[in-house]
Amino acid sequence: MCGIIGYTGKLEAQNVLIDGLSRLEYRGYDSAGIAYFRENIAHISIRKTAGKVKDLRSVCDKVNPSTCGIGHTRWATHGGVSTTNAHPHRVGQVALIHNGIIENYAAITEKFNLGDELQSETDTEVGAALLNHFYSQDHDPKSAIRKAVAEIKGSFAFGILFEDRPGEIYAVRNVSPMVAAYDPEIGAFIASDVTAFIEHTNRYFVVPEYAVVALSPNGIEVEDLKGQKLTPEFMTVDWDLTAAEKDGYPHFMLKEIHEQPAAITQTITPRIADGLPDFSQDGVSDAFFEGVRDVTIIACGTAMYAGMVGAEFIQNHLGLPVTVSIASEFRYARPVIDKDSMVIVVSQSGETIDTLEALRLAKKYTDRTLSIVNVKASSIARESHYVVYTHAGPEIAVASTKAYTVQVATMFLLGFKLGLASGRLTEDEARDRVAALKAMPAHMEEVLAYENQVKELTSRMINAHDAFYIGRGLDYRVAMEGALKLKEISYIHAEAYAAGELKHGTISLIEKGVPVIAIANQQPVYEKMISNIREVKARDAFVILISKDKAVHDPSICNVHLSIPDVPDDFTVFETAVLCQLIGYYTSVGKGLDPDQPRNLAKSVTVE
Ligand code: AGP
């Protein structure tokens with residue numbers, strides 16, 4: 001998953017490109033580079049380096065009279081992290097940036113005998129060589145692009161410069177995301193997402209797959225592979241630049257943790273009418289919820305853990321069978337769904353390739369696919385039969401936080417609606433639950449006030465090698481996300497475990513000082529949970545207890561007690577999530593790490 005940007009127009013391109021790349025770094029940050037024309041001379045300059053965008057700035061020209069160029073920040077797929085493997089890649093007349101994977105790069109290399117032209121280990125350089133091969137035949141950029149994409153198998157978002165065409169940028173995509181924008185006063189842009197150019201314009205369009213885009217300071221032309229002109233469908237971004245900046249927080253992740261109460265309110269309010277769940281504004285009719293025999297929730301990572309909570313909640317409240325499928329597994333198993341199945345696809349970015357392909361498979365079995373997506377007009381949003389957008393604003397930190405809780409809140413509302421449609425919930429019961437949900441943002445604010453207490457306790461975690469998150473029922477599902485939050489940004493191995501299962505083997509790993517985050521909010525199993533906690537405490541674990549109790553000072557139960565506001569059991573997931581996010585965040589910061597850009601990760605996984 002990489003970040004790409006292209007700009008041609010009246011502004012100084014180097015600044016536009018590098019500022020844009022810094023906003024795209026959450027998509028990948030192991031190397032970065034730009035290619036640009038100086039003063040509209042037919043010569044491409046390239047500056048690139050292993051490292052982050054700030055390192056790229058240091059190798060760029062201090063003064064650079066350029067008004068056209070392309071830029072890239074990389075998450076390595078083919079070839080290690082090095083300056084040679086950094087994009088842009090130049091072969092002959094062509095400079096290329098790429099987000100995606102050219103799956104048949106080896107076959108292309110052999111078929112067109114490109115080997116001698118390659119310096120790097122990347123698939124992208126093969127793409128540049130292929131484009132150059134065709135361009136050298138007829139010096140027609142669009143013809144070269146059409147011929148090249150006809151040969152390529154895989155996902156791509158290409159930004160292309162042709163050396164004898166200063167001021168012009170060409171682009172084409174398949175699966176990998178790309179948006180474009182044009183403002184007569186500024187110029188034309190392409191990018192992986194709008195955060196790259198939001199400070200210049202908020203009107204953009206999603207580049208259609210396999211459309212050939214030609215950008216110049218005078219405008220943007222879009223045509224299909226047959227050369228037919230296409231009219232872009234412009235949209236307007238519904239948030240501003242500050243949403244894509246830290247606003248005084250040390251990290252995007254902490255900012256986004258604090259944005260959750262507002263994000264939930266913004267997401268659920270348009271879906272509540274007269275105290276009841278209502279998705280009519282999303283174009284989802286009541287009929288969509290009728291006659292549903294079973295539900296399958298499909299996602300990856302944090303979105304999948306949100307699905308786990310949604311599934312447990314819907315099953316608890318409705319007695320409706322709900323299955324959660326890891327998207328990369330769903331794709332290769334035999335789906336057990338049909339026309340009476342509802343499929344809910346969850347994705348913050350709306351571009352996760354495994355989830356997108358799983359959606360495409362599910363659509364072969366049912367026309368009841370509904371996606372819960374945070375990025376407007378993203379691929380998953382556009383390809384699902386219905387989409388319910390979460391209104392969390394851009395989530396920049398790689399570690400998902402506000403997207404998780406708005407996804408859970410949306411699934412709760414969908415569950416209420418399903419309950420009403422199936423007669424499993426009365427209107428009064430639905431109203432009560434909707435009211436409880438509407439009250440959660442305020443309770444989350446109360447929990448955010450524990451920030452300093454959490455920061456203090458994480459000092460006992462920073463030297464841990466392993467940590468365990470244990471719970472029962474919904475608490476066990478939330479524990480899954482808690483464990484992911486810790487490990488992906490602090491690099492401590494963390495595991496979620498059903499508390500009743502620990503004694504069947506894993507408890508052998510509990511020894512003095514091992515952090516155990518014990519979540520005990522489900523009252524029907526509270527006593528059992530306390531017994532399980534005593535079992536680990538008896539083996540000297542460092543236990544952090546999260547529960548609705550006012551205060552627990554019993555040293556045989558916990559070292560630290562985080563008491564959360566008393567809300568119905570199922571709704572405690574929102575409070576617990578905030579605490580788990582803060583635990584992960586402050587452990588990462590306490591270890592001197594950058595929680596916004598954890599090693600090896602990228603925000604949107606658009607490669608398989
Ligand atoms: C979560 O913190 C990770 N960034 C990752 O697991 C993420 O949730 C997953 O890749 C799914 O992304 P999506 O929601 O954009 O599809």
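Atom set for the values below is all heavy atoms of this structure, side chains included, hydrogens, waters and symmetry mates excluded. Heads up: numbering here begins at 1 and tracks the sequence.
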Quiz item: Do Ile544 and Leu457 come within less than 4.5 Å of each other through their side chains, counting heavy atoms only?
Solution: yes
Quiz prompt | Heavy-atom check, side chain of Leu579 versus side chain of Val454, under 4.5 Å | solution = yes
Quiz prompt | Pairwise side-chain contact, Ser371 with Val346, heavy-atom cut-off 4.5 Å (strictly under) | solution = no
Exercise. Could you pull out the closest heavy-atom pair between Trp75 and Cys2, with the gap in Å?
Key: N-SG, 3.4 Å
Quiz item: Side chain of Thr458, backbone of Met461: donor and acceptor closer than 3.5 Å?
Solution: no
Self-check item: For Asp594, all residues meeting side-chain contact (heavy atoms from CB on, under 4.5 Å), sequence neighbours excluded
Solution: Lys52, His251, Asp596, Gln597
Self-check item: Side chains of Ser378 and Glu351, donor plus acceptor under 3.5 Å
Solution: no
Self-check item: Tyr386 backbone acceptor or donor facing Ser384 side chain under 3.5 Å
Solution: yes
Quiz item: With a 3.5 Å cut-off and no angle check, do the side chains of Asn521 and Thr576 form a donor-acceptor pair?
Solution: yes
Practice problem: Check whether any side-chain N or O of Glu575 sits under 3.5 Å from a backbone N or O of Met444 as a donor-acceptor pair, and report yes or no. | Solution: no
Quiz item: What's the spacing between Gln523 CD and Thr572 OG1 if we round to 0.5 Å?
Solution: 8.5 Å
Self-check item: Residues Lys550 and Asp566 bridged, charged N to O under 4.0 Å
Solution: no
Exercise. List the steps and the verdict of salt bridge (Lys or Arg N to Asp or Glu O under 4.0 Å) for Arg599 and Asp30.
Key: CA-CA 9 Å; Arg599 69 185 179 201; Asp30 56 41; over 6 Å; no
Quiz item: Out of curiosity, Ile470 CD1 to Glu495 CD, how far, rounded to the nearest 0.5 Å?
Solution: 12.0 Å
Exercise. Heavy atoms only: give me the nearest Arg27-Pro177 pair and the separation to one decimal.
Key: NH2-CG, 3.4 Å
Quiz item: Looking only at atom types and distance, does a side-chain atom of Lys255 sit under 3.5 Å from a main-chain N or O of Glu245, one as donor and one as acceptor?
Solution: yes
Self-check item: Arg23 bridged to Asp193 by N-O distance under 4.0 Å
Solution: no
Self-check item: Approximate separation, where rounding is to 0.5 Å, of Leu437 CG and Ile264 CD1
Solution: 7.0 Å
Quiz item: Would you find a donor on one side and an acceptor on the other, under 3.5 Å apart, between the side chain of Glu25 and the backbone of Val53?
Solution: yes
Quiz item: Side chains of Leu414 and Arg271: does their closest heavy-atom pair fall under 4.5 Å?
Solution: no
Quiz item: Does Glu535 come within less than 4.0 Å of Arg539, counting only side-chain N to carboxylate O?
Solution: no
Quiz prompt | side chain to side chain donor-acceptor pair (under 3.5 Å), paired with His317, selected from Arg433, Glu312, Arg424 | solution = Arg433
Practice problem: Would you tell me whether Ser341 and Asp294 have side-chain atoms, one donor and one acceptor, within less than 3.5 Å of each other? | Solution: yes
Quiz item: How long is the gap from CG on Leu425 to CZ on Arg431, to the nearest 0.5 Å?
Solution: 12.5 Å
Exercise. Using the side chain to side chain donor-acceptor pair (under 3.5 Å) rule, take Ser400 and Gln348 through it: C-alpha gap first, then chi angles, then the decisive distance, then the call.
Key: CA-CA 8 Å; Ser400 190; Gln348 189 285 131; over 6 Å; no
Quiz item: With a 4.0 Å cut-off, would you call Lys339 and Asp367 a salt bridge?
Solution: no
Self-check item: Set of salt bridge (Lys or Arg N to Asp or Glu O under 4.0 Å) partners for Lys417, sequence neighbours left out
Solution: Asp286
Exercise. Taking the six-membered ring for Trp and the single ring otherwise, decide whether the centroids of Phe313 and Phe416 are under 6.0 Å apart.
Key: yes
Quiz item: Cation over ring, Arg477 on Tyr305, under 6.0 Å and within 45°?
Solution: no
N/O donor-acceptor pairs under 3.5 Å from side chains in residues 402-413, not counting sequence neighbours:
residue, atom, partner, partner atom, Å
Lys402, NZ, Glu259, OE1, 2.6
Lys402, NZ, Ala392, O, 2.6
Lys402, NZ, Pro394, O, 3.1
Thr405, OG1, Gln260, OE1, 2.8
Thr405, OG1, Lys402, O, 3.3
Thr410, OG1, Val406, O, 2.7

Distance-only donor-acceptor hits, side chain of residues 500-518, under 3.5 Å, sequence neighbours excluded:
residue, atom, partner, partner atom, Å
Lys503, NZ, Gly500, O, 2.7
Thr506, OG1, Tyr497, OH, 2.7
Ser508, OG, Gly505, O, 3.0

Practice problem: Could you verify whether a donor N or O on one side chain and an acceptor N or O on the other, from Glu451 and Tyr586, lie under 3.5 Å apart? | Solution: yes
Self-check item: Minimum heavy-atom distance between Ser31 and Ala50, given as atom pair plus value
Solution: CB-CA, 3.7 Å
Quiz item: What heavy-atom pair brings Val478 and Ala577 nearest, and what distance separates the two atoms?
Solution: CG1-N, 4.2 Å
I'd like a table of donor-acceptor pairs (distance under 3.5 Å, sequence neighbours excluded) in which one partner is a side-chain atom from residues 556-565, with atom names and distances.
residue, atom, partner, partner atom, Å
Ser556, OG, Arg534, NH1, 2.4
Ser556, OG, Asp554, OD1, 2.6
Ser556, OG, Asp554, OD2, 3.0
Asn559, OD1, Val543, N, 2.7
His561, ND1, Val552, N, 3.2
His561, NE2, Ser547, OG, 2.7
Ser563, OG, Asp549, O, 2.6

Practice problem: With rounding to the nearest 0.5 Å, note down the distance linking CD1 in Ile297 to CE in Met308. | Solution: 9.5 Å
Quiz prompt | Residue pair Ser192 / Asn99, side-chain donor-acceptor N/O under 3.5 Å | solution = no
Self-check item: Donor-acceptor pair between Ser588 and Ser490 side chains, under 3.5 angstrom
Solution: no
Self-check item: Output field: ring centroids Tyr249/His258 closer than 6.0 Å
Solution: yes
Quiz prompt | His391 side chain to Thr267 side chain, donor-acceptor N/O pair below 3.5 angstrom | solution = no
Quiz prompt | Backbone of Asn85 reached by a side-chain donor or acceptor of Ser82 within 3.5 Å | solution = yes
Quiz item: Considering all heavy atoms of both residues, which atom of Phe330 and which atom of Ser325 are nearest to each other, and what is their separation?
Solution: CD1-OG, 3.6 Å
Quiz item: So do Asp123 and Glu103 actually touch side chain to side chain, heavy atoms under 4.5 Å?
Solution: no
Quiz item: Are more than 12 heavy atoms from other residues, nucleotides or ligands located less than 6.0 Å from atom NZ of Lys363?
Solution: yes
Self-check item: Over all atoms of both residues, closest heavy-atom pair of Val322 and Ala311
Solution: CG1-CB, 3.5 Å
Quiz item: Gln266: what forms a side-chain hydrogen bond (donor to acceptor under 3.5 Å, both in side chains) with it, not counting sequence neighbours?
Solution: none
Quiz prompt | Check: Leu359 and Ile298 side chains under 4.5 Å, non-hydrogen atoms | solution = no
Quiz item: Does Thr366 reach the main-chain N or O of Arg368 with its side chain, forming a donor-acceptor pair under 3.5 Å?
Solution: yes
Exercise. With rounding to the nearest 0.5 Å, note down the distance linking NZ in Lys537 to CG in Asn532.
Key: 15.5 Å
Quiz item: Counting distance only, does the side-chain N/O of Glu429 pair as donor-acceptor with the main-chain N or O of Thr426 below 3.5 Å?
Solution: yes
Quiz item: With a 4.5 Å limit on heavy-atom distance, are the side chains of Thr390 and Val373 in contact?
Solution: no
Quiz item: Do Lys485 and Thr401 get their side chains close enough for a donor-acceptor pair, meaning under 3.5 Å?
Solution: no
